[in-house]
Amino acid sequence: MKKNLKNMLFVRETISTNALMKDIHCKDKPDEGFVVYTDYQSAGRGLGTNSWEAKAGKNVLFSILLYPHHIKPSEQFVISQIVSIAIWEVLSEIISNVKIKWPNDIYVNNKKIAGILIENTIQGNCISKTIIGIGLNVNQTKFESDAPNPVSLKLVTGKSHNRLSLITKICNKIVFLYQLVNYDLLKENYFNNLFRNNGFFPYHSDSGSFNAKIIDVKEDGRISLLKENGEVKLFGFKEVEFVINP
Ligand code: BTN
């Protein structure tokens with residue numbers, strides 16, 4: 001495992017840095033910590049079937065490769081926690097009100113500034129590799145897709161930011177937290193910086209709309225919500241929607 005990030009590849013354009021990382025991994029099996037970053041993705045991917053909008057040359061778009069053999073598939077949510085906390089820490093050095101929106105979006109004042117796409121390969125009872133793709137809105141000021149509530153560092157601070165320096169800082173934090181392997185600290189840090197970690201807010205699920213309070217995020221990534229009627233319910237990814245009025 002490299003302690004510093006010497007291993008970075010820049011390509012001016014690619015389909016998606018996660019897809020490119022997959023190809024590179026197949027051919028070259030790079031060392032853990034290898035990073036690919038780009039100015040433009042022709043088909044940047046978000047979670048599920050979503051796409052990821054990012055104007056050329058304006059944003060942070062990269063993927064980092066890890067071989068987390070020591071993390072069991074049942075504990076894979078810890079990777080989301082590591083990456084969310086890393087981005088949270090880097091952004092919080094620049095702006096205030098940064099929050100981690102469950103499961104792993106990064107928000108500022110009710111708006112999304114960064115998204116994370118983690119693709120794990122599971123072999124037997126271990127995660128043989130993970131490709132972590134990060135899209136952070138940096139110097140883009142107009143968003144045209146129907147992404148619900150985007151914001152960028154420039155929109156928040158009024159000035160431009162150096163993209164490579166952000167990538168380096170985020171990767172160094174990821175590698176640091178990854179090597180620390182302190183699950184309790186990660187859980188606490190994640191919850192402390194979670195969007196809506198205090199009080200009742202509106203949510204929507206298959207069973208309709210309701211107000212609830214987040215009381216926990218379990219090791220498997222499910223969120224535990226306390227409804228106003230006292231009922232506690234666990235929701236997996238995509239099973240509950242945050243109702244947000246930006
Ligand atoms: C989300 O939907 O919130 C996840 C967005 C992840 C976007 C990043 S940009 C770099 C990497 N390559 C991709 O195609 N997607 C991720």
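Atoms within each ligand, like the ligands themselves, are counted from 1 in listed order.
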Inset, instruction - Considering only non-hydrogen protein atoms, determine which one is nearest to atom 3 (O) of ligand 1 and report residue, atom name and distance to 0.1 Å. - result: K112 NZ, 2.6 Å
Legend entry - Flag for Y183-E219: side-chain donor and acceptor within less than 3.5 Å: no
Inset, instruction - Find all atoms of ligand 1 within a distance of less than 4.0 Å from any non-hydrogen atom belonging to G44, and give their numbers and elements. - result: 14 (O)
Inset, instruction - Answer with yes or no whether the side chains of K154 and T141 bring together a donor and an acceptor at under 3.5 Å. - result: no
Inset, instruction - Say whether S63, considering both its backbone and side-chain N or O atoms, lies within less than 3.5 Å of an N or O atom on ligand 1. - result: no
Legend entry - For atom 9 (S) of ligand 1, closest protein heavy-atom neighbour: Q41 NE2, 3.4 Å
Legend entry - Atoms in ligand 1 with a heavy atom of G46 nearer than 4.0 Å: 1 (C), 2 (O), 4 (C), 5 (C)
Legend entry - Options E53, R45, E119, ranked by nearest heavy atom to atom 15 (N) of ligand 1, top entry: R45
Inset, instruction - Assign the ring pair F242 / Y203 to parallel, tilted or perpendicular, where the plane angle (0 to 90°) is split at 30° and 60°. - result: perpendicular
Inset, instruction - Would you check whether N50 reaches within less than 4.0 Å of ligand 1, judged by its heavy atoms? - result: no
Legend entry - N18: numbered ligand 1 atoms lying under 4.0 Å from its heavy atoms: 11 (C), 12 (N)
Legend entry - Part of D105 with heavy atoms under 4.0 Å of ligand 1, whether side chain, backbone, both or neither: side chain
Inset, instruction - Indicate the ring-plane relationship of H25 and Y67, choosing parallel, tilted or perpendicular according to the 30° and 60° boundaries. - result: tilted
Legend entry - V217 and W102, any side-chain heavy atoms less than 4.5 Å apart: yes
Inset, instruction - Would you mind finding which of T14, N104, L47 brings a heavy atom closest to atom 2 (O) of ligand 1? - result: L47
Legend entry - Within 45° cone of F210 ring axis and under 6.0 Å: K227 NZ or CZ: yes
Inset, instruction - Just let me know how T17 lines up against ligand 1, side chain, backbone, both or neither, with a heavy-atom cut-off below 4.0 Å. - result: both
Legend entry - Between N104 and S84, a side-chain donor and acceptor under 3.5 Å: no
Legend entry - Atoms in ligand 1 flagged as close to L61, the criterion being non-hydrogen separation under 4.0 Å: 9 (S)
Inset, instruction - Look up atom CD in E119 and atom CG in L65, then write down how far apart they are to the nearest 0.5 Å. - result: 12.0 Å
Inset, instruction - Would you please say whether a donor-acceptor pair under 3.5 Å links the side chains of S224 and D216? - result: no
Inset, instruction - Identify which of F62, W52, Y37 has a heavy atom lying nearest to atom 5 (C) of ligand 1. - result: W52
